[in-house]
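To find a chain, count down the sequence lines: A is the first, B the second, and so on, and within it residues start at 1.
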Amino acid sequence: MGRWEAISGEIKDVFYVRIWKRAWPIWAGAVALAFANIFMFAFARAIGVFPQMAMWGSWIYNLVGIKVDAPFIPYPLTPLHLDVHTMINFGIIMGAAMAALISQEFKIRTEDWRGYMTAIVGGVLMGFGTVIMPPCNVGGFYSATMALSLSGPLAGISLLSGAYLGGLFLKRQAAQAAEEIDFTALPMGEEVRKKENSFQPIMGAAVGLLLTIAAYAYAVKGMPKHAGLLLFGALFGVIFQRSRLCFASAFSGIFVSRNGTPMKWILFSIAIGTAGFAILKSQGYQQMHFVLPMGLHTVIGGFIFGIGMVIAGGCGVGILWRSAEGYVRAWMALIAAMLTSGAWVIIYGGHVGEGWLYGKPFSLGQFGWFGGALLIYLFLAAFYVLIKYVEAGRK
Amino acid sequence: MRKITAAKIGEGHYQVDMRGWVCPYPKYAVEPLVAKLHNGSRMDMLVDCPSATVDVPNVAEYMGCRVLEINQIGNGEWQIVIVKS
């Protein structure tokens with residue numbers, strides 16, 4: 001084999017097979033996620049996806065003549081193509097679609113009406129959870145904990161309890177269906193064999209091209225933040241799709257399957273992010289970014305959101321990237337979640353963070369940025385020990 | 001209640017079709033299914049959820065099974081070959 005053949009073979013292995021054909025190990029996804037979040041925070045903001053989806057819901061209500069304000073004050077009603085935060089979500093959808101297509105993992109995945117009803121219930125629960133907690137799993141737990149917000153660890157504990165309940169429900173359904181199968185009395189059938197040829201990789205490359213053109217168009221129109229967040233969103237979409245990093249599954253797996261491996265990597269990811277966020281904040285940069293209101297509402301909202309994300313088949317970001325993989329279940333959950341959270345101002349009579357329901361934000365930076373980070377590391381260590389304890393009880 | 005479709009392919013060789021079941025259903029179903037299998041028999045589980053290609057083998061191997069192959073059989077579809085030993 002010639003030198004150039006060897007080089008091209010190696011390039012193909014690293015940049016095509018390992019990235020687009022094989023699933024990434026979960027640790028790679030967790031580490032990539034942390035650095036992507038630090039860089040995006042340094043660029044503009046940290047990852048969080050639900051407040052902008054709630055705004056989409058309010059936007060749809062206004063489109064059909066129902067006047068309602070968007071529930072999150074920093075996310076006002078804006079045409080979607082001009083909303084800078086929406087760019088992250090559009091990016092996640094496009095990035096995940098590109099990754100799913102290139103790897104030939106895209107499929108319109110239909111279910112029966114029971115699956116869709118479960119997804120809608122899950123979406124409604126997430127819709128309420130996001131405005132009560134606030135905001136979502138990735139914003140309220142993952143980014144908030146990195147951002148040294150005391151609400152982050154509290155949201156984590158609440159999500160864990162809700163996810164446990166949701167996981168038990170799904171496990172019972174799966175066990176009942178499996179119970180019906182009797183291997184001694186099955187009808188004869190044909191083995192499903194591998195099908196060849198797929199145009200999906202070409203379609204994936206086309207989505208990538210479209211993404212690049214869209215980002216370039218925003219940049220030349222004088223909207224570099226829009227362009228950047230669209231590309232960051234796409235990076236998140238690729239990371240989630242290729243590493244199959246699913247927060248809902250990570251939370252529910254701890255108690256339901258006594259398997260905490262995905263959550264342990266998420267904790268490691270938060271540990272990396274905490275250092276990055278603490279360094280940036282210690283330099284005076286966006287010190288109250290993702291420091292969120294906390295109180296009893298965090299516990300209630302997190303619990304509701306935790307149930308919802310598991311039965312819907314993904315948290316806020318989960319239903320975004322899964323919708324791009326072709327899950328009709330995720331589409332249903334997405335619509336239910338945005339229409340529920342989008343109506344919050346009518347239901348509650350005020351915005352998120354205002355009024356009797358919500359507590360005050362508390363930054364652990366009040367103990368100094370080093371001290372605050374240390375407290376987060378203590379929380380992460382305690383969470384890790386809890387997981388090990390639960391895993392040790394596995395039969 | 002939703003049903004899982006399954007068929008006998010040959011002697012001690014079964015195919016359980018969980019395409020259309022979103023994750024984590026396949027992960028939760030594989031445990032009771034493997035428990036019912038006789039030693040030495042083979043179960044091909046068909047899934048269309050990418051995460052199941054990681055979760056299902058993990059559970060099966062934890063239960064002492066051998067996972068012989070994970071084959072992509074179409075766009076977004078896989079066959080996971082599990083042998084109970």
Side-chain angles (χ1 to χ4, degrees), chain A residues 21 23 26 100-101 103-112 114-115 119 167 170-195 198 200 241-242 244-246 248-249 252-253 256-257 259 261 310 313-314 322 325-327 329-330 394, chain B residues 1-38 41-55 58-59 62-63 69-79 81 84:
Chain A
K21 296 304 283 180
I26 194 161
L101 286 165
S103 57
Q104 289 171 242
E105 293 180 359
F106 181 86
K107 181 190 168 191
I108 299 292
R109 294 161 165 99
T110 53
E111 291 183 54
D112 69 357
R114 281 161 293 206
L170 295 193
K171 188 172 185 177
R172 197 169 136 261
Q173 283 187 322
Q176 280 176 341
E179 194 56 44
E180 297 282 306
I181 292 178
D182 179 0
F183 284 114
T184 60
L186 288 179
M188 290 300 288
E190 284 285 309
E191 184 177 0
V192 174
R193 296 197 182 275
K194 188 175 169 60
K195 297 174 202 133
S198 171
Q200 286 199 1
Q241 204 283 330
R242 296 313 302 142
R244 289 93 161 94
L245 188 62
C246 174
S249 177
S252 67
V256 180
S257 313
N259 176 10
T261 303
V310 174
R322 289 218 157 107
E325 283 186 330
Y327 279 98
R329 188 188 186 96
R394 193 173 176 183
Chain B
M1 194 185 72
R2 277 182 79 186
K3 290 196 186 311
I4 302 171
T5 49
K8 183 176 178 177
I9 304 298
E11 209 46 54
H13 181 188
Y14 310 100
Q15 181 173 266
V16 175
D17 192 348
M18 287 204 75
R19 288 175 294 179
W21 289 76
V22 65
C23 285
Y25 284 120
K27 175 176 77 172
Y28 292 147
V30 73
E31 201 173 317
L33 287 171
V34 163
K36 283 185 189 190
L37 274 179
H38 290 293
S41 49
R42 165 181 166 173
M43 176 175 77
D44 300 344
M45 190 184 251
L46 308 181
V47 294
D48 62 4
C49 173
S51 309
T53 59
V54 179
D55 295 340
N58 280 347
V59 175
Y62 189 83
M63 293 180 76
E69 287 169 36
I70 303 167
N71 299 314
Q72 187 158 9
I73 52 172
N75 292 328
E77 296 184 352
W78 294 266
Q79 174 202 48
V81 179
K84 187 169 180 179

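E105(A) has its side chain within reach of W78(B): a pair of non-hydrogen atoms, C-beta onward, lies under 4.5 Å apart. Here the side chains of P24(B) and L170(A) are in contact, with some heavy-atom distance below 4.5 Å. Side-chain contact between L33(B) and M45(B) is present, with heavy atoms from C-beta onward closer than 4.5 Å.
For M43(B), the part lying near chain A is the side chain, with the backbone staying farther off; criterion is any non-hydrogen pair under 4.5 Å. For R193(A), the part sitting under 4.5 Å from any heavy atom of chain B is the backbone (N, CA, C, O) and nothing else. Of the two parts of S41(B), neither the backbone nor the side chain holds a non-hydrogen atom closer than 4.5 Å to a non-hydrogen atom of chain A. Only the side chain of Y327(A) comes within less than 4.5 Å of a heavy atom of chain B; its backbone N, CA, C and O stay farther away. Only the side chain of R322(A) comes within contact range of chain B, judged by heavy atoms closer than 4.5 Å. Heavy atoms of Q200(A) lying under 4.5 Å from chain B belong exclusively to its side chain. The contact between Y14(B) and chain A is made entirely by side chain atoms (from C-beta outward), counting heavy-atom distances below 4.5 Å. Heavy atoms of S103(A) lying under 4.5 Å from chain B belong exclusively to its backbone.
Residue with the most contacts toward chain A among P50(B), P26(B), C49(B), G74(B): P50(B) (heavy-atom pairs, distance under 4.5 Å). The residue among D182(A), V192(A), T184(A) with the most heavy atom pairs within less than 4.5 Å of chain B is V192(A). Note on I26(A), N259(A), D112(A), L245(A): by heavy-atom pairs under 4.5 Å with chain B, the leading option is D112(A). For chain A, the option among H38(B), K36(B), K3(B), R19(B) with the highest count of heavy-atom pairs below 4.5 Å is K36(B). Top candidate by heavy-atom pairs under 4.5 Å with chain A, chosen from V54(B), N75(B), I4(B), is N75(B). The candidate from Q173(A), Q104(A), E325(A) with the greatest count of non-hydrogen atom pairs under 4.5 Å with chain B is Q104(A). The most heavy-atom pairs under 4.5 Å with chain A, out of T53(B), L37(B), L46(B), V16(B), come from L37(B).
Nearest heavy-atom pair, K8(B) versus L186(A), reported as atom, atom and distance to 0.1 Å: N-CB, 3.9 Å.
Side-chain atoms of D48(B) come within 3.5 Å of backbone atoms of G20(B) as a donor-acceptor pair (strictly under, hydrogens ignored).
Disulfide criterion (SG-SG under 2.5 Å) for C246(A) and C23(B): not met.
Classification of K194(A) and E77(B) as a salt-bridged pair fails, no side-chain N sitting under 4.0 Å from a carboxylate O.
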Item to check | Check against salt bridge (charged side-chain N to carboxylate O under 4.0 Å, His left out), R172(A) and E179(A) | outcome: CA-CA 10 Å; R172(A) 197 169 136 261; E179(A) 194 56 44; over 6 Å; no

Item to check | Pair Q79(B)-N71(B), side-chain hydrogen bond (donor to acceptor under 3.5 Å, both in side chains): steps then yes or no | outcome: CA-CA 5 Å; Q79(B) 174 202 48; N71(B) 299 314; 2.8 Å; yes

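To the nearest 0.5 Å, the span separating OG on S257(A) from CZ on R394(A) amounts to 7.0 Å.
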